[in-house]
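One structure is given below, encoded as structure tokens.
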Protein chains: 2
Amino acid sequence: MQQLNRQELRQKLVSCSLKATHQRIVVYEALLGLHGHHPAAEEVYRLLKPANPSISLGTVYKILDVFAENGLVRRVFSEQGCKRYDANTMAHSHIYCSNTREIIDFEDPELEELLQGFFQRRNMQNFEMHSFAIQLTGNKKEPDQQVSITKL
Amino acid sequence: MQQLNRQELRQKLVSCSLKATHQRIVVYEALLGLHGHHPAAEEVYRLLKPANPSISLGTVYKILDVFAENGLVRRVFSEQGCKRYDANTMAHSHIYCSNTREIIDFEDPELEELLQGFFQRRNMQNFEMHSFAIQLTGNKKEPDQQVSITKL
DNA sequence: TTCCAGATAAGAATTTTTCTTATGTAAGAA
DNA sequence: TTCTTACATAAGAAAAATTCTTATCTGGAA
Ligand SMILES: [Mn+2]
Ligand SMILES: [Mn+2]
Ligand SMILES: [Zn+2]
Ligand SMILES: [Zn+2]
């Protein structure tokens, strides 16, 4: 997730055939800034409101929805139920920690390849697959510490 | 999903150390009857209300939540966001059809084994995994027809 | 510059979920 | 059987999450 300036953000929006409005730019910027945090619309709104007093919560919902529809961001589901968003559209998975209610990125190219390969071999009749997502649920043992993996 | 009579349902509940109240029995019965349908609380409520006029929506939410907490049923997340439930607790995956908003069972022992094996090999530090779930998103080509797989 | 399709603000409305509290009941004890 | 009590429920209020409506505004094309 490299830092993008406003002009680059603007171009990213245009490349998805979305009008590069101020609200869309700041929402996208906020999401990129919150990489790995997976905020809900409400959180994005709270973050933007001070510097953008005229933005409305409804607009934030709308924008996130449009972004997701256009593949600019990903929707991630929390065990709690509310929709959360992720500006990282690269193939990766998510861990939901029941303790802290965090959604943690789980980046494992080996897993993605394994699944990619599996679904390529599987021949699904009458279904056009757009994407797959895998989510783990469990608990951090030490809620303050990171989750990490070791390959055997 | 074999047909269970009320006495058997009662025992299933008791075996999860849940009191076998009338409401719990009818909710569980409804879920079993709707195998493969993955209803939301609201739908279970609508189904039960006519024969159980005194049941309340809040109670249905509570019961489904208690069931999921005790592993009697599974929570499945829809792309839309609302929680849906599945009485089939066997390892299986789900397909979300953006067209019809259906959640379709995707039973593939080979996939389950593949993932089971993967996570057994992966050593995750500071995280106790409870479960994993994989969901596909896409569209049925012929909305009325079934989705099926052919192994190559 | 002008124009207008489409985006936004604001707040109402709806939907989904949780909470509260008085009441009811399953199941074990007497 | 009757009593007891811990736990479950009903009902509706409340809260949280999301969508809708409409008047107004604006980005970007021409
Ligand atoms: Mn939230
Ligand atoms: Mn629903
Ligand atoms: Zn992520
Ligand atoms: Zn299922």
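Naming: A, B, ... by sequence-line order, numbering from 1 per chain.
Of the residues in residues 52-68 of chain B, those placing a heavy atom less than 4.0 Å from an atom of DNA chain D are B:Ser54, B:Ile55, B:Ser56, B:Thr59, B:Ile63, in numerical order.
For the pair B:Asp86 and B:Arg75, the salt-bridge criterion is not met [side-chain N within less than 4.0 Å of a carboxylate O]. Using a 4.0 Å cut-off between a side-chain N of Lys or Arg and a carboxylate O of Asp or Glu, B:Glu110 and A:Arg122 qualify as a salt bridge.
Checked against a 6.0 Å centroid threshold, the rings of A:Tyr85 and A:Phe67 do not count as neighbours.
Of the candidate nucleotides D:dA8, D:dT18, C:dT17, C:dT17 has the atom lying nearest to any side-chain atom of B:Lys83.
Between A:Gln23 and the phosphate of C:dA7, there is no side-chain N or O to OP1/OP2 separation shorter than 4.0 Å.
Taking atom OH of A:Tyr45 as the reference point, atom C1' of D:dT19 lies 16 Å away to the nearest angstrom. A:Tyr85 has its OH atom 13 Å from the P atom of D:dA17, to the nearest Å. Between B:Arg24 atom CZ and D:dT9 atom C1' there is a gap of 9 Å when expressed in whole angstrom units. Taking atom CD of residue B:Glu42 and atom P of nucleotide C:dT14, one finds them 15 Å apart after rounding to whole Å. We find that CD of B:Glu43 is positioned 13 Å from C1' of C:dT16, with the value rounded to whole Å.
If you check the side chains of B:His35 and B:His37, you find no donor sitting under 3.5 Å from an acceptor. Remark: the A:Arg74 side chain and the A:His92 side chain contain an N/O donor-acceptor pair separated by less than 3.5 Å. Counting only N and O atoms by type, the side chains of B:Glu107 and B:Ser93 include no donor and acceptor under 3.5 Å apart.
For B:Asn52, the side chain to side chain donor-acceptor pair (under 3.5 Å) test picks out B:His22, with sequence neighbours left out.
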Show each protein N/O and nucleotides 25-30 of chain C N/O combination with a separation under 3.5 Å, one pair to a line.
none

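Side-chain contact between A:Glu102 and A:Tyr96 is absent, with no heavy-atom pair separated by less than 4.5 Å.
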